[in-house]
Amino acid sequence: MKNQELANIFYEIADYLTMEDEVFRPLAFKKAAVSLETMKENIEEIYKKGGIPALKEISGVGKNIAEKIEEYLKTGRIKCCEDLKKKTPIDIQELIAVEGLGPKKIKFLYQKLKIKNLKDLEKASKKHEIAPLFGFGEKTEKNILQGIEFLKTSKGRFLLGEILPLVKEIAEKLKNLKQVKKISIAGSVRRMKETIGDVDFLVASNKPAQIMDFFVSLPEVIKIWSKGKTKSSIRLKNGTDMDLRIVPEKSYGAALQYFTGSKEHNIALRKIAMTKGLKLNEYGLFRGSVKIAGENEKEIYKKLGLQWIPAEIRENQGEIEMAQKNNLPKLIEQNDIKGDLHCHSNWSDGENTIEEIAKQAVSQGYEYIGISDHTKFLKIANGLDEKKLAQQKKEIDKINVKCFTPLDAKLSNGARMSNVKCRILQGCEANILKDGSIDIKNETLKKLDFVIAGVHSSFKMPKEQMTERIIKAMQNPFVDIISHLTGRLLKHREEYEIDFDKILACAKETGTILEINANPYRLDLNAQNIRKTKEMGIKMIISSDSHHKEQLNFIEFGVSQARRGWAEKKDIVNTFSLKKLLDFLK
DNA sequence: GCCGTTTTCGGCCCGACTGTTTTCAGTCG
């Protein structure tokens with residue numbers, strides 16, 4: 001999307017300007033870049049509809065930047081950026097990704113050693129040319145080498161799902177220290193972002209020294225970045241960076257607010273504090289030198305005239321304005337979920353039997369569990385054909401009678417029935433073929449309790465064609481749900497190109513449910529798309545897409561993702577009771 | 001370069017830590 005392309009260029013301009021010792025113009029370009037990458041509207045459409053005046057409506061965009069946006073949309077380039085590049089011909093994005101390097105040092109390295117990119121940088125630091133430079137030194141050189149190594153081995157960010165278990169484990173260890181009075185996970189992990197740059201722990205204590213010692217000597221640590229009285233920073237063997245901050249109990253709430261972020265949210269909050277003649281920092285909310293809040297996070301929001309804002313939506317995406325009007329949505333919660341309709345059994349490529357999956361569902365307190373195996377086009381996943389689906393239905397009926405209460409059963413012989421109230425439903429995850437048709441006959445789809453359809457092939461179609469393909473699938477009267485709409489695999493595969501607005505319009509018209517796939521590698525829809533879908537009044541479903549019974553727990557990530565997209569209980573159909581859900585599917 | 005219920009000029013969030021200095025610039029979050 002052009003929004004992101006433009007944002008990247010503006011970040012680049014900002015860095016170049018910083019190298020030239022500009023102070024405030026870089027700020028302006030960064031602000032515009034943030035607006036561009038976080039806004040929901042497509043910049044091309046805004047420009048098409050309203051030209052330059054419409055562009056200037058965007059926060060942080062004035063006359064000059066609006067003209068640069070126009071220039072880019074018309075010509076595909078921005079001259080002033082190219083001029084800056086000519087003046088200092090370096091790969092700034094690559095270099096700035098190295099931890100510890102900023103625009104100033106990069107400029108100095110270019111002037112002294114003609115370092116233009118990562119390769120030059122690596123060569124120079126290996127030849128020990130960097131340490132003797134004024135303002136650099138042995139440690140800086142070593143850090144640069146390690147920074148380069150890190151960039152090579154990881155791409156800098158980790159999936160929430162990959163690290164959350166370890167984060168919880170370390171939090172638990174810290175909690176058990178007697179010097180620790182309170183502990184919380186803060187930062188982007190608390191906000192449950194799908195990928196995490198680093199992990200922040202916050203601790204309340206009056207005796208920080210021993211806690212810090214404990215933290216930097218955790219068995220997983222391979223590198224201590226810094227160790228101070230109140231803040232330390234480490235890297236673990238798996239490559240994750242973790243920060244620990246220790247504050248007195250009196251400041252714990254303010255610090256929790258501060259270190260949870262996001263940065264944009266905090267800046268907006270501090271500005272509100274200023275307009276009220278107050279000052280907000282990690283130690284508290286102050287009027288002059290008098291602290292008026294600090295121990296409790298809720299109190300900070302209250303004194304700023306705001307509802308308390310759930311961490312998942314602290315992105316300065318309108319949540320502050322809503323909180324001022326006491327009008328925040330009541331976000332969906334983990335225990336609102338009553339079932340899961342996207343589970344693969346060993347009939348296709350799952351690990352477990354239907355009965356094992358169903359028992360796991362019961363232990364999670366679900367009212368229903370949907371088995372939705374792959375269908376015949378996906379031969380590699382052992383996809384089911386019409387005949388196999390019919391056999392599977394018989395099997396499911398049997399297990400329902402054996403173990404669970406069937407729907408609307410007239411229990412003439414109550415003693416035979418288990419009192420467990422969970423119902424196995426049969427669906428499938430059918431394939432949307434290249435031409436938009438479904439790989440299973442309608443007469444078979446008709447007999448299932450529900451039908452999920454998804455794209456599992458030919459990902460690289462042109463945008464229009466892919467959009468038409470999915471729309472045609474939604475128009476099939478038996479398709480209830482579209483799975484993982486954009487097909488992205490975090491850190492592995494880009495989204496396929498679709499016209500999301502067109503698909504939303506069709507979902508609205510056909511009453512199709514869109515899936516929020518909870519698999520940590522997918523989390524698809526993303527937060528922005530969830531919010532758009534909700535605003536259109538289109539229903540969604542949170543699905544584990546599990547291939548192992550333990551993976552039913554993925555639902556946690558899906559609920560967090562839904563919360564990040566402002567979804568409420570009523571927006572998500574698997575918060576419905578079994579009866580309501582079946583009526584809705586009908 | 002942007003912005004305005006104090007401002008069309010004069011501000012732009014701000015504190016901790018490192019590695020280099022000899023009192024602080026650069027970077028980070």
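A note on names: the letters A, B, ... follow the listed sequences, proteins ahead of strands, and every chain is numbered from 1.
Lacking a ring centre under 5.5 Å from that of the base six-membered ring together with a plane angle below 30°, A:F136 does not count as stacked on B:dT20.
Cation-pi contact between A:K114 and A:Y110: present, with separation from the ring centre below 6.0 Å and deviation from the ring axis of at most 45°.
Using a 4.0 Å heavy-atom distance criterion, A:V61 is classed as a sugar-phosphate-only contact. Here A:L101 lies in heavy-atom contact (under 4.0 Å) with sugar-phosphate atoms only. At a threshold of 4.0 angstrom between heavy atoms, the contacts of A:T230 are confined to the sugar-phosphate backbone, with no base atom among them. Within 4.0 Å (heavy atoms only), A:P103 reaches sugar-phosphate atoms of the nucleic acid but no base atom. Looking at heavy-atom distances under 4.0 Å, A:E22 makes no contact with the nucleic acid at all. If you check every strand for non-hydrogen atoms under 4.0 Å, A:K229 touches sugar and phosphate atoms only. In this structure, A:Y258 reaches the bases: a heavy-atom distance under 4.0 Å links it to at least one base atom across the strands shown. Using a 4.0 Å heavy-atom cutoff across all strands shown, A:N266 reaches no nucleic acid atom at all.
At the phosphate of B:dC17, neither OP1 nor OP2 sits under 4.0 Å from any side-chain N or O atom of A:K231. Residue A:K279 places at least one side-chain N or O under 4.0 Å from the OP1 or OP2 atom of B:dG15. Of the side-chain N and O atoms in A:N64, none sit less than 4.0 angstrom from OP1 or OP2 of B:dC2. Phosphate contact (OP1/OP2 of B:dA16, side-chain N/O of A:Y283, threshold under 4.0 Å): present. Residue A:K263 has no polar side-chain atom (N or O) positioned under 4.0 Å from OP1 or OP2 of B:dG29. Remark: A:T140 is in phosphate contact with B:dT20, judged by side-chain N or O atoms under 4.0 Å from OP1 or OP2. The phosphate of B:dT6 (OP1 or OP2) has no side-chain N or O of A:T275 nearer than 4.0 angstrom.
Nearer to the 5' terminus of DNA chain B, by closest-nucleotide assignment, is the contact made by A:A66 (compared with the other of A:A66 and A:K105). Each of A:K104 and A:K68 was matched to the nucleotide of DNA chain B holding its nearest heavy atom; the match closer to the 5' end belongs to A:K68.
Rounded to whole Å, atom P of B:dC17 lies 11 Å from atom CG of A:L244. In this structure, the NZ atom of A:K271 is 15 Å from the P atom of B:dC2, given to the nearest Å. At whole-Å resolution of the value, CG in A:L27 and P in B:dT27 are 15 Å apart. For the pair A:K63 NZ and B:dC2 C1', the interatomic distance rounds to 13 Å; values are reported in whole Å.
Remark: the backbone N or O of A:M242 is not paired with any side-chain donor or acceptor of A:D198 at under 3.5 angstrom.
The listed nucleotides are B:dG15, B:dG29, B:dC12; the one nearest the side chain of A:E282 is B:dG15.
Pair assignment for B:dG15 gives B:dC28, based on Watson-Crick or G-U wobble hydrogen-bonding distances that are each under 3.5 Å.
Using a 4.0 Å cut-off between a side-chain N of Lys or Arg and a carboxylate O of Asp or Glu, A:D241 and A:K223 do not qualify as a salt bridge. Under the 4.0 Å criterion applied to side-chain N and carboxylate O atoms, A:K532 and A:D501 are assigned as salt-bridge partners.
The shortest non-hydrogen separation linking A:A567 to A:I572 is CB-CD1, 4.1 Å.
Residue A:E315 forms a side chain to side chain donor-acceptor pair (under 3.5 Å) with just one option from A:K263, A:R191, A:Q528, A:H265, and that option is A:R191.
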